[in-house]
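None of the values given here were measured: they were computed from a predicted structure. We're numbering straight along the sequence, starting at 1.
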Amino acid sequence: MTEQASLRPLALKISATLALAAVLLWAGWITRALFLDEPPRIVTVRLAETIGHFIDEAARADADPATVQAASLAYLQAAELAVADMGKDGRVVLVAEAVLAGAAEDATPELETRIAARLEVEAQP
């Protein structure tokens, strides 16, 4: 029994050391997972093409110049706010016409949807 009694404190020390090591490893992993920044997601938008489509439609419309000017200003403001909103979730939004090399996700359909939604909200009384 004396041999077993002398091994008990050693077993407790080994268990405590292993538990402490496990806790430290877990804390390190959690800290790394929480504070490690992921690289930003880069997307492109074909802004000139999107605005060009709007200008073409405005040119074909039979409206007075003041109405076209007001609609153009509203469209440009909606486009600016839509691009800003797209960048809030950690994405980097680049104008596709300015990207010289590399492939990035094209987010132009999302931009057009956001602009249309913003213009609908503004059009409602």
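- A donor-acceptor pair is defined here as one N or O able to donate and one able to accept, closer than 3.5 Å; such a pair exists between the side chain of Thr108 and the backbone of Arg46.
- A single hydrophobic cluster is seen to contain both Ile115 and Val95, as judged by linkage of ILVMFWY side chains at heavy-atom distances under 4.5 Å, directly or through other members.
- With sequence neighbours excluded, the residues satisfying side-chain contact (heavy atoms from CB on, under 4.5 Å) with Ile14 are Leu10, Leu18.
- Annotation for Leu24: hydrophobic cluster partners, listed by chain and number, are Leu20 (ILVMFWY side-chain heavy atoms under 4.5 Å, direct or chained).
- Within 6.0 Å of CD in Glu49 there are more than 12 heavy atoms belonging to other residues, nucleotides or ligands.
- In this structure, the separation between CH2 on Trp26 and OG1 on Thr31 is 8.5 Å, given to the nearest 0.5 Å.
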*For Glu112 and Val45, what are the C-alpha separation, side-chain angles and deciding distance, and is it a side chain to side chain contact (heavy atoms under 4.5 Å, CB included)?*
CA-CA 9 Å; Glu112 292 169 347; Val45 292; over 6 Å; no

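- The two atoms that bring Val93 and Gly87 nearest to each other are CG2-N, 4.1 Å, heavy atoms only.
- Qualifying salt bridge (Lys or Arg N to Asp or Glu O under 4.0 Å) partners for Asp85, counting only residues two or more places apart in sequence or in other chains: Lys88, Arg118.
- Cluster annotation: Leu47 and Ile42 are assigned to distinct hydrophobic clusters (Ile/Leu/Val/Met/Phe/Trp/Tyr, side-chain heavy-atom contacts under 4.5 Å, transitive).
- Taken from CG in Asp106 to OG1 in Thr44, the straight-line distance is 4.5 Å, to the nearest 0.5 Å.
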_Steps toward side chain to side chain contact (heavy atoms under 4.5 Å, CB included) verdict (Val83, Leu111)_ = CA-CA 7 Å; Val83 170; Leu111 174 68; 3.6 Å; yes

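- Scanning for salt bridge (Lys or Arg N to Asp or Glu O under 4.0 Å) contacts around Glu110 gives Arg91, Arg114, with sequence neighbours left out.
- Remark: Glu105 engages Arg41 in a salt bridge (Lys or Arg N to Asp or Glu O under 4.0 Å) (not counting sequence neighbours).
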Run the side-chain donor-acceptor check on residues 67-77: report pairs under 3.5 Å with partners two or more places apart or on a different chain.
unit_1, atom_1, unit_2, atom_2, d
Thr67, OG1, Asp64, OD1, 2.5
Thr67, OG1, Asp64, OD2, 3.4
Ser72, OG, Val68, O, 2.8
Tyr75, OH, Thr50, O, 3.4

